[in-house]
Structure formats: C-alpha cells, structure tokens
Chemist: 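Supplied in structure tokens, the structure appears directly below.
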Amino acid sequence: MKKSWKIAGALLVLGIFAIAAMISITPTTGSDPTGAAYVAATGAETLSEVATTASKAYYGANFTWIMLTGFMVFFFQCGFAMVETGFTRGKNAAHTMTMNFMVFLVGAIGYFLVGFALQFGGSGGAAGLGTGGSALGSMLSIPGLGGILGYNGFMLSGLGVYDPGIYALFFFQMVFMDTTVTIPTGAMAERVKYSSMVITSFFISMFLYPLFGNWVWGGGWLATLGKNFGLGHGVVDFAGSAVVHSMGGMLALAGAIVIGPRIGKFKKDGTARAFPGHDIPMAIIGTIILFFCWFSFNAGSTLNASDFRLAIVATNTMIAGAIGGLSAMFYMWVRHGKPDPSMTANGALAGLVAITAPSAFVNAGAAFVIGLLGGLLVCVAVSFVENKLKLDDPVGAISVHCINGIWGTLAVGLFADGTYGDGLNGVAGGVRGLFYGDASQLFAQLAAVGVLIVYGFGLSYVFFKVLDKVWGLRVSAEAELEGLDLPEMGVSAYPELQLAKSELDFDNSDNMEIKQLPNYKPFGYAAGKKLTS
C-alpha cells in the first residue's frame with residue numbers, strides 16, 4: 001500500500017512539472033524571444049532620441065572595450081610572476097612570486113593617491129569616454145616649453161572628477177603603470193629586500209612613472225614638441241615602448257648597478273657563471289600569458305572600440321612577437337647548438353616590446369622587421385650586459401625592456417607610414433617616419449630616448465643609492481645563500497620538497513668580491529661570520 005502511494009505521489013509531481021513546462025513553452029502576450037523590439041523602430045522617434053540611442057551605443061562599446069582590455073592587461077601580473085619565478089632558483093620562488101603580486105597592490109594605491117593626477121590631471125581625458133574628462137584640465141606648464149604635470153584627480157577626487165569616463169581611464173592606465181613597477185623586480189631578484197621593493201613601488205607609481213607619462217601621454221612638453229617646435233607629431237608612443245617598458249628597463253638597469261651581482265655570479269677573473277632557472281615550463285607558460293595579454297595591451301590603447309585600427313595593431317603585435325621569438329631561437333641554435341628556451345621566450349617578449357610604440361603606425365612588413373631585429377637585439381644585449389658590463393640580470397629585464405623599448409621608440413621615427421595619427425598631439429596629417437619622408441619625427445623620438453636616459457635612469461640611480469644608504473637595498477650574504485623564502489617571507493614555496501643544492505648555493509674562494517655587499521669577502525665572511533662549512 002505504501003509503495004502504491006509513493007508511486008502515485010511521484011506521478012503527481014511529474015504531472016505538475018509537465019503542465020508547468022507546457023505553459024512555459026506556450027507563447028504569451030508581450031513576449032519577444034528574438035529581441036526584435038530592442039532595435040525595432042516605431043516611426044515616432046525624434047531625431048534627438050535617435051541621437052541619444054546612437055550615442056549610448058557608441059560610448060557603451062568604448063567603455064566595454066577599455067574595461068575588458070584593462071582586465072586582461074592586469075593579467076600581465078600573472079605572466080610576469082611566472083616568468084621571473086621560473087627563471088630564478090627554487091629557494092627564492094615564494095619571494096619572487098609574492099614580489100610580483102605585492103608591486104600591484106602598492107602600485108595601485110600609489111597611483112590612486114598621487115600618480116594618476118600627476119599624469120592625467122591636465123590631459124582633458126579620453127574623447128571616446130565622454131565629456132567628463134574635461135575636469136582633468138589642470139596642467140602646470142613652463143612658458144615656452146609646455147606642460148610638466150597635472151594637478152587634478154588626486155585620489156580620484158576634485159571638482160567633476162567623479163565621472164565614469166575618468167574612472168575607466170584611471171583603471172586602464174593604472175594597469176599599464178603597474179607593468180613598469182614590475183620590471184625592476186626581475187633585474188634585482190634573488191638578493192633584494194622585500195621591504196625595499198615596497199618603497200620602490202611607491203616611488204615609481206607616485207612620481208617617477210607619472211611624470212614621464214604626463215610628458216608623453218598626458219599632454220606634456222614631449223607630446224607638444226611637434227606643435228611647439230616642429231618635430232613631427234611630438235613624441236609618439238602608441239602603447240608604451242618608452243613610457244612603460246623603457247622606463248621599467250631604466251629602473252632595472254639602475255637597480256642592477258646599485259645592488260650588485262648575486263654571490264657567485266662572477267668569478268675573480270670576471271667570467272660569468274650560469275644560474276639555471278628552477279622551472280622553465282613555468283617561465284614558458286608565463287611568456288604565453290604575456291603574449292596573449294599583449295593584444296589587449298596594444299590594441300586596447302586605441303581607447304575606442306570604433307577605431308578599427310585596433311585590428312592592425314593586434315595583428316602587428318602578433319607578427320612582431322612571433323618573429324622575435326623565432327629569430328632569437330635560431331640565433332641561439334646556430335651560435336650555441338641548442339634552441340635555448342629562455343632566450344626563445346625573451347626573444348618573443350623583445351619583439352612585443354619593440355612593436356608596442358609603432359604598432360598603430362606601421363604595416364605588417366615593418367612589424368616583421370621590427371620584431372625580427374628585436375629578437376636578435378635581445379640575444380646580443382643579454383651577452384653584452386652580462387659579459388661586458390658585468391651586470392647580473394637574472395631574467396634579462398634590461399635587454400628585453402630597456403634596450404628593446406628604446407628600439408621600439410626609435411622605430412616609430414623610422415617606419416611610421418603616414419596612414420594613421422592625423423591630428424595626434426595637435427599636428428595635422430598622419431605620423432611619418434624617416435623612411436616615409438619626415439626626419440623630424442625621428443628627432444622627436446630621439447628626444448624621448450634622451451629624457452629616458454637622463455631622467456629615467458638618472459633619477460632611478462639616485463633613488464636606489466639613497467635607498468641603499470638609508471634603508472638598505474640588499475639582504476645579508478647569509479640570507480642570500482640560504483634563499484630568500486624563509487629569511488624574508490617566513491615560508492618556503494616548496495615545503496614538502498628537498499631542493500637540490502649545487503655549488504652556486506655556497507660561497508667559493510674563486511668568487512668575485514661584491515662591493516655592494518657590506519663586509520663580504522669571497523669564501524665566506526660576512527660581518528665576520530663564515531658562510532660555508
């Protein structure tokens with residue numbers, strides 16, 4: 001009997017579900033399954049209503065584009081963290097990975113507090129993001145030269161700053177700035193104090209990066225070299241070879257000089273030892289992530305979804321990155337007999353850095369040449385930095401970002417073909433480089449490189465020297481040899497694994513003395529304590 005009632009109850013429930021389903025599939029009055037009513041005209045619309053709808057669609061597309069590309073550029077942090085951690089040793093993995101996360105946290109707040117206002121406070125905003133950008137109209141200028149800094153929008157506050165277009169611009173530009181903050185961590189990895197990188201990240205995000213960014217992207221004096229002094233369109237940097245990558249590379253160069261090499265990197269005779277990365281697959285995955293996100297990095301810099309040049313930008317980015325990696329791979333294969341994975345990755349990144357400034361202004365053939373030379377250049381530069389300059393750059397940040405950032409900046413002045421950029425920086429006509437009849441554009445780009453060296457490298461070097469004296473830039477010799485995970489972070493990246501040790505994990509009588517490491521003498525003496533047993 002109970003079984004019969006259970007069956008009856010189950011049938012009743014199924015019957016109710018069936019009736020409900022039949023009702024749900026029966027067309028009801030007012031339904032619109034095709035969405036026709038969303039776009040169908042009634043014939044009674046006024047011209048003003050049509051214009052309002054079109055305007056909302058235009059700005060809606062732009063907001064969606066800039067926010068989605070900004071989200072993807074943020075994912076750069078994952079790519080950089082994996083590349084740097086994979087190229088360094090396992091005993092420093094937690095330290096290196098966390099540094100790459102921390103610099104985003106610090107950079108976002110520093111840029112929010114001060115940096116955005118200095119960079120874009122006098123820019124007038126972005127035309128494709130609405131009229132609210134007019135609130136960003138406060139620029140401090142030097143008569144006869146041009147703007148040097150903005151001063152509206154600190155903490156995204158101020159008269160008229162509470163605007164979605166300004167917030168979208170802040171979001172997109174903040175993740176660009178954070179790329180610059182990340183770059184020097186690789187050049188100083190495995191011996192830099194975590195606390196020093198916190199201070200450094202505030203300095204970059206609040207002052208160093210925003211001021212140069214203002215001069216190029218915020219309507220400052222480098223951008224107006226064309227309008228004021230007849231140098232092409234002024235400094236042109238579509239997505240950041242100069243503003244983002246070269247500036248980060250200058251920081252990496254200054255930091256590597258001041259902090260000195262890792263213990264054991266150089267022998268007494270000056271020859272370098274190779275320090276193998278502990279996880280090459282991790283570094284390759286990180287490179288693929290960076291490559292993927294670079295499409296948004298460059299194409300998103302249109303700041304406008306209806307600027308169809310974004311397709312050319314993205315394709316040029318793909319071509320340059322691919323040939324950069326390929327040329328580096330073949331260079332290493334021919335020269336050393338093996339297709340070096342790390343240099344293949346750095347070659348792709350070098351091609352991407354090089355195409356970042358000219359990506360909107362050149363055709364596919366030029367993108368191929370720019371990326372090809374970028375991939376070869378990084379191979380030559382890595383060897384030069386290590387063997388001639390005697391600088392220790394664990395991940396090749398100087399060669400990838402500084403050297404190829406400069407190359408990309410100059411490439412605009414050589415290969416820009418005049419098909420894009422009419423009206424840019426207040427100058428009529430498209431941007432043309434030397435090969436298309438305008439040598440003055442190359443001079444403008446050279447001016448940017450000069451400022452990067454004097455301001456970017458010079459101020460960074462002074463900053464790191466002062467930080468080293470006042471706070472200390474480098475960990476102790478004992479902590480460096482042990483690995484930074486436990487001394488600096490209190491945790492190990494691989495607590496359940498017994499990491500293999502090599503001769504590079506111990507001091508050696510043949511090691512070069514490191515003058516930047518106080519009280520250090522080769523073969524084991526730091527502050528009077530022997531490092532090896």
Chemist: Give a yes or no on this: more than 12 heavy atoms of other residues, nucleotides or ligands lie within 6.0 Å of atom CZ of Phe443.
Modeler: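 Open: at most 12 neighbouring heavy atoms sit under 6.0 Å from CZ of Phe443.
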Chemist: By side-chain hydrogen bond (donor to acceptor under 3.5 Å, both in side chains), which residues pair with Ser440, not counting sequence neighbours?
Modeler: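 Partners of Ser440 under the side-chain hydrogen bond (donor to acceptor under 3.5 Å, both in side chains) test: Asp438.
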Chemist: Establish, from distance only, whether the side-chain atoms of Asn304 and Tyr58 form a donor-acceptor pair under 3.5 Å.
Modeler: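 Tyr58 and Asn304 do have a side-chain donor-acceptor pair below 3.5 Å.
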Chemist: Go through the side-chain N and O atoms of Thr96 and Asn92 and say whether any donor and acceptor fall under 3.5 Å apart.
Modeler: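 Side chains of Thr96 and Asn92: no pair found under 3.5 Å.
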Chemist: Quick test of your reading of the model: are Arg89 and Glu190 salt-bridged, counting only N-O distances below 4.0 Å?
Modeler: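 Judged by the 4.0 Å cut-off on N to carboxylate O distance, Arg89 and Glu190 do form a salt bridge.
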Chemist: Evaluate whether atom OH of Tyr461 has more than 12 neighbouring non-hydrogen atoms of other residues, nucleotides or ligands under 6.0 angstrom away.
Modeler: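 For Tyr461, atom OH is not crowded (no more than 12 foreign heavy atoms under 6.0 Å).
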Chemist: Would you kindly say whether Gln119 and Tyr111 are connected by a side-chain donor-acceptor distance under 3.5 Å?
Modeler: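 The criterion, which ignores hydrogens and geometry beyond distance, is satisfied for Tyr111 and Gln119.
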Chemist: Taking side-chain hydrogen bond (donor to acceptor under 3.5 Å, both in side chains) as the test, write out the residues that go with His233, two or more places apart.
Modeler: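 Once residues adjacent in sequence are excluded, His233 has no partner under the side-chain hydrogen bond (donor to acceptor under 3.5 Å, both in side chains) criterion.
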Chemist: Please verify the inter-ring angle class for Tyr194 with His95; under 30° counts as parallel, over 60° as perpendicular, anything in between as tilted.
Modeler: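 Tyr194 vs His95 ring planes: perpendicular.
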Chemist: Kindly assign one of parallel, tilted or perpendicular to the pair Phe463 and Phe203, based on the angle between their ring planes and the thresholds 30° and 60°.
Modeler: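 Parallel.
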Chemist: Which value, rounded to the nearest 0.5 Å, describes the distance between Phe435 atom CZ and Phe415 atom CZ?
Modeler: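 Here the rounded value is 5.0 Å.
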Chemist: Measure up the Phe120 and Phe116 rings against each other and bin them: parallel (under 30°), tilted (30 to 60°), perpendicular (over 60°).
Modeler: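 Phe120 and Phe116: tilted rings.
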Chemist: Between atom CG of Leu484 and atom OG1 of Thr98, what is the distance when rounded to the nearest 0.5 Å?
Modeler: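 Between Leu484 CG and Thr98 OG1, I get 11.0 Å after rounding to 0.5 Å.
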Chemist: Could you please spell out the steps behind the ring pair (Phe, Tyr, Trp, His ring centres under 6.0 Å) verdict for Phe104 and Phe74?
Modeler: CA-CA 9 Å; Phe104 162 74; Phe74 164 73; 4.9 Å; yes
Chemist: Would you confirm whether the ring centroid of Phe172 sits within less than 6.0 angstrom of the ring centroid of Phe176?
Modeler: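 Yes, ring centres under 6.0 Å apart.
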Chemist: Would Trp294 and Thr356 count as having a side-chain donor-acceptor pair, cut-off 3.5 Å?
Modeler: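 Trp294 vs Thr356: donor-acceptor pair found between side chains.
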